[in-house]
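Below is one structure, written out as structure tokens, with a few remarks after it.
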Amino acid sequence: MLKIDFSNGALNVRQQEELNAGFKSHGQIQCAPTYQTERLNWTVTNEQGGLIAALTADLLWQWLYVDELWVDESCRGKGIGKQLMMQAETYAKEQQLAGLWLWTQSWQAPLFYQNLGFKEFTRFDNFPSGYSRIGLRKQLN
């Protein structure tokens with residue numbers, strides 16, 4: 001008889017390796033494209049070398065997933081976030097990617113991204129209660 005265990009936290013190393021191998025094997029059997037990611041970062045520092053803004057992204061197949069975009073409160077409203085997004089978009093175009101996509105929360109910056117040409121592709125209302133989680137994408141080709 002099968003046994004189902006519940007636990008909090010990460011799987012142990014052996015279990016994670018077995019899970020990864022299982023996904024890889026299933027993908028190969030299905031002739032799926034190889035799953036590879038590449039982490040990319042754009043950072044802005046002040047004269048003292050302190051981080052004042054950053055954009056982190058993952059290259060997944062032919063799409064750039066914008067994971068984090070942060071600008072220090074003291075520097076907001078000066079176009080730094082827009083410049084970082086333009087840098088990421090330029091990179092995506094140079095790499096001939098299909099587009100960029102991201103998640104944002106309703107209290108964060110959906111209008112900021114929409115003003116950059118991103119379109120909503122999904123919305124989870126009440127995530128958390130009273131707010132929405134919004135998926136946005138910008139197709140390049």
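The analysis underlying the following values was restricted to heavy atoms, covering all of them including side chains, and did not include hydrogens, waters or symmetry mates.
Proximity of L116 to K82: side-chain heavy atoms (C-beta onward) are separated by under 4.5 Å at one or more points. Put simply, the side chain of D58 does not reach to within 4.5 Å of the side chain of E38, judged on heavy atoms. Looking at heavy atoms from C-beta onward, V44 lies out of side-chain contact with Q83 at the 4.5 angstrom threshold. Taking the side chain as every heavy atom from C-beta outward, L55 and V66 approach each other to under 4.5 Å.
There is no path of hydrophobic side-chain contacts, each under 4.5 Å, that joins F112 to W103. In the hydrophobic clustering of ILVMFWY residues, with side-chain heavy atoms under 4.5 Å counting as a link, W63 and L140 come out apart. Hydrophobic clustering of Ile, Leu, Val, Met, Phe, Trp and Tyr side chains at less than 4.5 Å, counting indirect connections, unites L69 with W42. Under the 4.5 Å side-chain heavy-atom criterion for grouping Ile, Leu, Val, Met, Phe, Trp and Tyr, W70 is not connected to L102 through any hydrophobic cluster. Placement of Y113 and Y65 in two distinct hydrophobic clusters is found when ILVMFWY residues are connected by side-chain heavy-atom separations under 4.5 Å, directly or transitively.
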_Evaluation steps, side chain to side chain contact (heavy atoms under 4.5 Å, CB included), between L59 and L97_ = CA-CA 9 Å; L59 181 56; L97 301 179; 3.5 Å; yes

_Verdict with supporting geometry, Y35 and T37, side chain to side chain contact (heavy atoms under 4.5 Å, CB included)_ = CA-CA 7 Å; Y35 183 80; T37 65; 3.6 Å; yes

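Side chain of N126 to main chain of P128: no donor-acceptor pair is present (N/O by atom type, distance under 3.5 Å, no hydrogens or angles). With hydrogens and angles ignored, the 3.5 Å screen pairs a side-chain donor or acceptor of T56 with a backbone N or O of E68. Judged by distance alone, with hydrogens and angles left aside, the side-chain atoms of R76 form a donor-acceptor pair with the main-chain N or O of V71 at under 3.5 Å. The backbone N or O of S132 lies less than 3.5 Å from a partner atom in the side chain of Q105, making a donor-acceptor pair. Here the side chain of S25 pairs no donor or acceptor atom with the backbone of A21 at under 3.5 angstrom. Panel note: side chain Q16, backbone V13; no donor-acceptor pair is recorded below 3.5 Å.
Atom CG of L100 is separated from atom CG of L64 by 5.0 Å, given to the nearest 0.5 angstrom. Note that CZ of R133 and CZ of F127 are 5.5 Å apart. Values are rounded to the nearest 0.5 Å. To the nearest 0.5 Å, atoms OG1 (T122) and CH2 (W101) are separated by 11.0 Å. Of the inter-residue distances, the one linking L60 atom CG with Q36 atom CD reads 11.0 Å to the nearest 0.5 angstrom. Residue Q62 holds its CD atom at 11.5 Å from CD of Q95, rounded to the nearest 0.5 Å. Atom NZ of K93 is separated from atom CE of M86 by 7.0 Å, given to the nearest 0.5 angstrom.
Remark: D67 engages R39 in a salt bridge, criterion side-chain N to carboxylate O under 4.0 Å. Comment: K138 does not engage E120 in a salt bridge, judged by the lack of any side-chain N to carboxylate O separation of less than 4.0 angstrom.
Heavy atoms only, all atoms of each residue included: C75 and I80 are closest at CB-CD1, 3.8 Å.
By the 6.0 Å contact criterion, CZ on F121 is enclosed, its count of non-hydrogen atoms from other residues, nucleotides or ligands being greater than 12. Atom CD of Q15 has more than 12 neighbouring heavy atoms from other residues, nucleotides or ligands inside a 6.0 Å radius.
For the 3.5 Å distance criterion, the side chains of N41 and T43 fail to qualify, holding no donor opposite an acceptor.
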